[in-house]
Amino acid sequence: MSIVLGPNQYGKAENRVVRITRDTARHEITDLNVSTSLRGDFADAHVTGDQSKILPTDTQKNTAFAYAKKHGVSSPEDYALALAGRFLDATPAATSARIEVEQYAWDRIPVGESGHDHAFVRRGGDTRTTVVTLERGAEGAAPTPHVISGLKDLVVLKSTGSEFKGYLRDEYTTLAEADDRILATSLVARWRHTSTDVDWNKTYDSVRDTLLELFATTYSRALQETLHLMGQAVLERHPDIAEIRFSAPNKHHFLVDFSAFPDVDNHGEVFIAADRPYGLIEATVLRDDAPAAPEAWLATPGFC
Ligand SMILES: O=c1[nH]c(=O)c2[nH]c(=O)[nH]c2[nH]1
């Protein structure tokens with residue numbers, strides 16, 4: 001038996017990069033949280049203490065900021081691809097570079113005809129995400145890009161059109177069947193593209209719209225069924241998306257029991273929104289002919 005170094009990666013986590021475009025008096029803001037990681041042959045840094053193959057995390061931080069100017073941020077995916085390419089060029093020992101980006105949305109403060117030129121209010125709600133991994137190819141070959149786009153904290157609720165019944169029962173089952181319940185979740189979804197020839201912003205909007213549309217317009221026999229329907233629609237509408245993964249807490253809303261108050265009835269009108277525990281429903285919907293891409297998902301936790 002010997003003790004050996006296992007998988008490892010390193011980088012600078014959560015660089016808060018804010019890019020203002022100010023070519024005219026009407027500014028634009030792009031607000032990002034960028035985490036970089038390099039994987040490869042970094043055994044010496046761990047085992048012998050030789051750091052000669054290590055591009056410092058401080059340099060990775062500087063590059064993340066410099067590229068926000070030098071390359072620009074037309075979309076988080078495009079920026080992450082450029083940054084990953086730079087890290088592979090700059091770090092011969094790296095076999096892949098992983099860039100994770102969250103984008104926080106800002107709206108113009110609504111004054112005047114079309115909002116203020118340079119005053120913004122942070123939009124609440126969901127956050128756009130991407131994870132780009134660029135895998136070095138064989139000598140002379142181009143690196144292989146993996147692009148996962150996504151969102152998190154998309155909180156949705158429907159006040160009818162949802163049931164949960166017919167489930168397995170045993171001696172510990174107390175749950176009453178529900179014919180008409182509230183269905184609510186705070187959705188995390190990540191979808192993997194098979195191409196980089198993509199209009200990232202348009203596709204993101206379209207996937208988000210599809211998720212919301214299917215949640216709203218389909219009858220739900222369980223959160224599991226709803227996730228499957230949402231995933232199916234995304235794949236049907238986007239041929240370049242190979243798979244979509246969901247993590248969805250079932251935000252339970254329990255009907256309040258007013259039986260102690262004979263003059264108060266409750267026909268699905270008053271609920272207690274429970275915080276914890278919550279059901280956690282996770283599912284992947286994929287094309288059965290899509291080649292698996294384990295490198296794309298490495299170090300992206302939170303999915304089954
Ligand atoms: O949509 C649901 N799926 C479940 O698996 C489940 N389990 C449960 O208690 N309530 C629900 N709701």
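Not measured: the values here are computed from a predicted model. First listed ligand is number 1; within each ligand, the first listed atom is number 1.
Less than 4.0 angstrom separates some heavy atom of Leu223 from each of these atoms of ligand 1: 1 (O), 2 (C). For ligand 1, the atoms sitting less than 4.0 Å from at least one non-hydrogen atom of Gln224 are 1 (O), 2 (C), 3 (N), 4 (C), 5 (O), numbered in the order shown with element in parentheses. Taking every non-hydrogen atom of Arg181 and a distance limit under 4.0 Å, the qualifying atoms of ligand 1 come out as 1 (O), 2 (C), 11 (C), 12 (N). Near Asn250, the atoms of ligand 1 lying under 4.0 angstrom from a non-hydrogen atom of the residue are 1 (O), 2 (C), 11 (C), 12 (N). Under a 4.0 Å criterion applied to the non-hydrogen atoms of Ala222, ligand 1 contributes the atoms 1 (O). Numbered from 1 in the order shown, with element, the atoms of ligand 1 that lie under 4.0 Å from a heavy atom of Leu175 read 9 (O).
For Glu14 and Lys61, the salt-bridge test fails: no basic side-chain N is under 4.0 Å from an acidic carboxylate O. Of the charged side-chain nitrogens involved, none lies within less than 4.0 Å of a carboxylate oxygen, so that Asp117 and Arg108 do not count as a salt-bridged pair.
Among protein heavy atoms, atom 6 (C) of ligand 1 sits closest to Phe164 CZ, 3.2 Å.
More than 12 heavy atoms of other residues, nucleotides or ligands lie within 6.0 Å of CD in Glu171, so this atom counts as buried by the packing criterion.
A side-chain donor from one of Trp106 and Asp31 sits under 3.5 Å from a side-chain acceptor of the other. For Glu282 and Ser247, the side-chain atoms include at least one donor-acceptor pair closer than 3.5 Å.
Tyr219 and Asp179 make their closest contact through OH-O, 3.7 Å (heavy atoms, listed as atom of the first residue, atom of the second, distance).
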